Participant: 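Dumping the structure here so I can ask a few things about it.
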Amino acid sequence: MTVRTRFAPSPTGFLHIGGARTALFSWAFAKKHGGKFILRIEDTDVARSTTEAVQAILDGMNWLGLDYDEGPFYQMQRMDRYKEVIQKMLQEGSAYYCYSTREELDALRESQMQQGLKPRYDGRWRPEEGKVLPEPPSGIPPVIRFKNPKDGNVVWNDLVKGEISIANQELDDLIIARADGTPTYNFCVVVDDWEMGITQVIRGDDHVNNTPRQINMLKALGATVPQYAHLSMILGDDGQKLSKRHGAVSVMQYDEDGYLPEAVLNYLARLGWSHGDDEIFSMQQFCEWFDLDHITPSAAQFNTEKLKWLNAHYIKLADRDYLVKDITGRLAQLNVSVSAQPDLVAVIDLYKERTNTLNELAESIVYFYRKPSIDHVAAEKHLVADIKPALENLTELLRTVDWNAEAIHHAINEVVTKFQLKFPKVAMPLRVLLTGIAQSPSIDQVMVLLGRCEVLARIAEFK
RNA sequence: GUCCCCAUCGUCUAGAGGCCUAGGACACCUCCCUUUCACGGAGGCGACCGGGGUUCGAAUCCCCGUGGGGACGCCA
């Protein structure tokens with residue numbers, strides 16, 4: 001049987017890191033097995049679903065390069081089909097109308113909680129052999145409930161967590177259609193997973209508790225039950241649960257923050273999944289290696305430091321043209337327009353080995369295109385008066401020296417020797433004057449790129 | 001409260017009864033490289049939640065405890 005997996009987000013927000021990993025694992029699993037990956041938008045909560053959120057999810061998938069073979073399917077466009085199935089269930093007796101009001105149900109729930117019971121529907125409208133149902137009240141539009149089996153256990157072999165067994169007694173008759181007739185999540189999932197021929201449902205483990213209900217409905221419909229793989233959640237850097245209020249950010253935020261999609265993908269792949277000691281690998285390699293057997297069942301804490309490490313790695317490998325385009329954009333954000341000189345390609349080459357994010361890279365090269373403000377601490381330490389004669393002497397040499405790193409280096413050495421100094425004694429003030437700070441690549445290389453005219457101008461600032 | 005799940009260095013993890021005096025990676029520390037800061041290289045610090053079993057032998061299997069998480073919606 002061909003593998004068919006799906007990613008089924010609800011469009012109530014952006015694509016966050018947890019969703020992205022779920023999507024990545026589903027995608028990789030399909031790729032690994034030569035199957036199909038399907039995108040399905042679960043938008044049946046009309047009140048909370050937005051087209052902006054749909055777009056945000058699509059953007060996130062696109063940025064990560066998680067392409068889908070089918071879809072996106074929208075559940076709201078499949079209403080007719082859901083209603084058909086519900087009618088069939090009503091006729092067959094696996095579903096029934098329930099006239100309980102929300103107030104009634106709230107009261108029920110509360111009293112059950114007080115008694116230390118698990119809150120659940122008590123089945124007052126559930127048709128039963130020899131049971132006399134109350135007369136349907138007028139003016140109350142009924143919901144439709146699934147008639148869940150009363151006895152036995154629902155058991156499935158979760159591909160991540162192993163065998164999970166839940167007693168039917170723990171389950172109640174869930175609502176599959178609201179009073180306004182629209183079907184609810186648990187029901188739509190069942191119909192869709194069935195009719196879309198999903199073979200492996202890979203999703204967050206907040207759905208573990210929904211699984212037995214879905215299996216029961218699948219069985220009631222005579223459908224094949226797919227395999228399930230429940231991924232544990234991703235915690236924030238601080239070990240706290242991610243939520244809209246706390247730490248959950250869009251994957252697109254990582255783009256804005258200067259992370260490469262390759263880095264995010266590689267990081268996510270390794271978060272909760274492993275292939276021996278391998279840490280750095282391409283998505284192609286990942287798709288070949290990926291399996292459900294090596295997914296950790298426990299929750300994982302996000303670690304930005306490690307993401308940065310991977311990002312630094314991928315920046316070193318990044319395509320030149322890509323970097324130039326990207327960095328030009330980031331510089332523009334900093335109100336820096338890139339002039340022809342110094343050549344941005346050369347500048348990036350000089351810095352890409354020493355940077356963690358693209359934002360850092362952009363910020364650290366601003367001084368090539370705009371005169372830097374001098375850091376006070378650095379100035380105090382290195383721009384001392386007694387170095388002035390040496391710098392003046394260097395200035396003279398720089399006016400006529402061949403403008404390449406070797407010649408410049410030689411010129412600095414000449415001054416160093418003449419004034420009986422150590423190399424850094426001259427290099428550091430130079431560095432501060434030229435870049436504004438005390439850290440930079442090799443100073444002669446910086447000077448080559450900055451250009452003779454600009455170098456002389458900046459040294460002259462030292463009064 | 002009830003049900004379900006989880007538990008190896010600070011973090012991500014390797015580990016499917018002997019290969020484990022528990023391996024790798026990030027972070028941290030030291031040293032080397034050096035023109036500063038990085039990069040890179042070499043070292044170092046650092047963990048099997050507790051208690052019982054099973055077994056010749058347990059990080060690995062079982063039970064109990066503890067801790068953490070999830071679910072209990074006319075949300076998904």
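These numbers were taken from a predicted model, which means no experiment stands behind them.
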Participant: Would you kindly give the OH-to-C1' distance between A:Y228 and B:rC4, to the nearest whole Å?
Facilitator: 16 Å

Participant: Determine the interatomic distance between P on B:rC12 and the same-named atom on B:rA27; round to the nearest Å.
Facilitator: 15 Å

Participant: So does A:S232 get a side-chain nitrogen or oxygen closer than 4.0 Å to the phosphate oxygens (OP1/OP2) of B:rG70?
Facilitator: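 For A:S232, the contact criterion (side-chain N or O under 4.0 Å from OP1 or OP2 of B:rG70) is not met.
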
Participant: Can you tell me how far P in B:rG46 sits from the matching atom in B:rA22, rounded to whole Å?
Facilitator: 11 Å

Participant: Can you check the distance between B:rG52 and B:rA59, where both ends of the measurement are the P atom (answer in whole Å)?
Facilitator: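 14 Å, rounded to whole Å.
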
Participant: Kindly indicate whether the side chain of A:D277 and the base of B:rG23 share any N or O donor-acceptor pair separated by less than 3.5 Å?
Facilitator: yes

Participant: Once you measure the plane-to-plane angle for A:H409 and A:F423, does it fall in the parallel (<30°), tilted (30-60°) or perpendicular (>60°) bin?
Facilitator: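 The arrangement is parallel - the two ring planes meet at less than 30°.
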
Participant: Decide yes or no, distance alone: a donor-acceptor N/O pair under 3.5 angstrom between the base of B:rU36 and the side-chain of A:H382.
Facilitator: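 Counting by modelled atom types and ignoring angles, no donor-acceptor contact under 3.5 Å is found here.
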
Participant: What is the base-pairing partner of B:rA71, counting Watson-Crick and G-U wobble geometry with both distances under 3.5 Å?
Facilitator: B:rU2

Participant: Whole-Å distance between B:rC74 P and A:R102 CZ?
Facilitator: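 Answer to the nearest Å: 7 Å.
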
Participant: Taking for each residue the nucleotide of RNA chain B with the nearest heavy atom, is it A:M428 or A:A8 whose nucleotide lies nearer the 5' end?
Facilitator: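 Looking at the nearest nucleotide for each, A:M428 comes out on the 5' side.
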
Participant: Hey, does the side-chain of A:N303 have a donor or acceptor N/O within less than 3.5 Å of a partner on the base of B:rA27?
Facilitator: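 No pair found.
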
Participant: In whole angstrom, give the distance that lies between atom CG of A:D158 and atom C1' of B:rC6.
Facilitator: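 Computing the A:D158:CG to B:rC6:C1' distance gives 13 Å.
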
Participant: Out of B:rG40, B:rG24, B:rC26, which nucleotide sits closest to the side chain of A:K316?
Facilitator: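 Nearest listed nucleotide: B:rG40.
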
Participant: With both distances kept under 3.5 Å, what pairs with B:rU34, Watson-Crick or G-U wobble?
Facilitator: none

Participant: Out of B:rC6, B:rG70, B:rU35, which nucleotide sits closest to the side chain of A:N209?
Facilitator: B:rG70

Participant: Donor-acceptor pair under 3.5 Å: do we get one between A:S440's side chain and the base of B:rU36?
Facilitator: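 By the distance-only test, no, there is no pair.
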
Participant: Name the pairs: protein N/O against N/O of nucleotides 30-34 of chain B, kept only if under 3.5 Å.
Facilitator:
none

Participant: Salt bridge between A:E104 and A:R102, side-chain N to carboxylate O under 4.0 Å?
Facilitator: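 Salt bridge: no.
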
Participant: How long is the line joining NZ of A:K83 and P of B:rC74, in whole Å?
Facilitator: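 So the NZ-P distance, A:K83 to B:rC74, works out to 18 Å.
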
Participant: With both distances under 3.5 Å as the test, what is the Watson-Crick or G-U wobble partner of B:rA7?
Facilitator: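 B:rA7 is paired with B:rU66.
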
Participant: Can you give each donor-acceptor pair under 3.5 Å made by side-chain atoms of residues 295-308 of chain A, sequence neighbours left out, with the distance rounded to 0.1 Å?
Facilitator:
from   : atom 1 : to     : atom 2 : distance (Å)
A:T296 : OG1    : A:G272 : O      : 3.4
A:Q301 : NE2    : A:D237 : O      : 2.9
A:N303 : OD1    : A:K306 : N      : 3.2
A:T304 : OG1    : A:D237 : OD2    : 2.3
A:K306 : NZ     : A:E279 : OE1    : 3.0

Participant: Mind checking whether A:F25 and A:F290 have parallel, tilted or perpendicular rings, split at 30° and 60°?
Facilitator: tilted

Participant: A:M233 side chain: which of B:rG69, B:rG24, B:rG1 is closest?
Facilitator: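 In terms of side-chain proximity for A:M233, the closest of B:rG69, B:rG24, B:rG1 is B:rG69.
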
Participant: Can you tell me, in whole Å, how much space there is between the P of B:rA47 and that of B:rC63?
Facilitator: 29 Å

Participant: Take the protein atom CZ of A:F146 and the nucleotide atom C1' of B:rG73, then report the distance between them rounded to whole Å.
Facilitator: 18 Å

Participant: How long is the line joining CG of A:L15 and P of B:rA76, in whole Å?
Facilitator: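 The answer, rounded to whole Å, is 19 Å.
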
Participant: Under the salt bridge (Lys or Arg N to Asp or Glu O under 4.0 Å) test against A:D173, which residue among A:R126, A:R124, A:R145 passes?
Facilitator: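 When A:R126, A:R124, A:R145 are each tested with A:D173, the salt bridge (Lys or Arg N to Asp or Glu O under 4.0 Å) holds only for A:R126.
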
Participant: Should the side chain of A:R120 and the base of B:rU2 be counted as holding a donor-acceptor pair, with the cut-off at 3.5 Å?
Facilitator: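 Result: no qualifying N/O pair found.
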
Participant: Expressed in whole Å, how much space separates the C1' atoms belonging to B:rA25 and B:rA14?
Facilitator: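 Between the two C1' atoms, the distance is 11 Å.
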
Participant: Do the side chains of A:E363 and A:R330 get close enough for a salt bridge, i.e. N-O under 4.0 angstrom?
Facilitator: no

Participant: Taking only the side-chain nitrogens and oxygens of A:S442, find out if one of them lies under 4.0 Å from OP1 or OP2 of B:rU35.
Facilitator: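 Checking B:rU35 against A:S442, no side-chain N or O comes under 4.0 Å of OP1 or OP2.
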
Participant: Side-chain N or O of A:H294 less than 4.0 angstrom from OP1 or OP2 on B:rG15?
Facilitator: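 The answer is yes; a side-chain N or O of A:H294 sits under 4.0 Å from OP1 or OP2.
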
Participant: When you compare B:rC19 with B:rC26, how far apart are their C1' atoms, in angstrom units rounded to a whole number?
Facilitator: 27 Å

Participant: Would you tell me whether A:H410 and A:N413 have side-chain atoms, one donor and one acceptor, within less than 3.5 Å of each other?
Facilitator: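 Side-chain D/A pair, A:H410 to A:N413: absent.
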
Participant: Consider only side-chain N and O atoms of A:N266 and A:E262, and report whether a donor and an acceptor are under 3.5 Å apart.
Facilitator: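 Judged by distance alone, the side chains do not pair up.
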
Participant: Taking atom P in both B:rU21 and B:rU30, compute the distance separating them and give it to the nearest angstrom.
Facilitator: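 Per the computed distance, 31 Å lies between those P atoms.
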
Participant: Tell me the interatomic distance from A:I175, atom CD1, to B:rC72, atom P, rounded to whole angstroms.
Facilitator: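 Going from CD1 in A:I175 over to P in B:rC72 covers 13 Å.
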
Participant: Checking A:V416 against A:K422 for the side chain to side chain contact (heavy atoms under 4.5 Å, CB included) test, could you report, in this order, the C-alpha distance in whole Å, the side-chain angles of both residues, the deciding distance, and whether it holds?
Facilitator: CA-CA 6 Å; A:V416 163; A:K422 298 270 190 203; 5.9 Å; no

Participant: For B:rA76 and B:rG23, measure between their C1' atoms and round to the nearest Å.
Facilitator: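 It comes out at 41 Å once rounded to the nearest Å.
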
Participant: Toward the 5' end of RNA chain B, which comes first, A:A177 or A:K161, by nearest nucleotide?
Facilitator: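 Counting from the 5' end, the first nearest nucleotide belongs to A:K161.
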
Participant: Using a cut-off of less than 4.0 Å, is there contact between a side-chain N or O of A:R109 and OP1 or OP2 of B:rG73?
Facilitator: yes

Participant: With a 3.5 Å cut-off and no angle check, do the side chains of A:D151 and A:Q169 form a donor-acceptor pair?
Facilitator: no

Participant: Can you tell me the Watson-Crick or wobble partner of B:rG57, both distances under 3.5 angstrom?
Facilitator: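 With both distances under 3.5 Å required, B:rG57 matches none.
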
Participant: Atom NZ of A:K118 to atom C1' of B:rG70: distance rounded to whole Å?
Facilitator: 11 Å

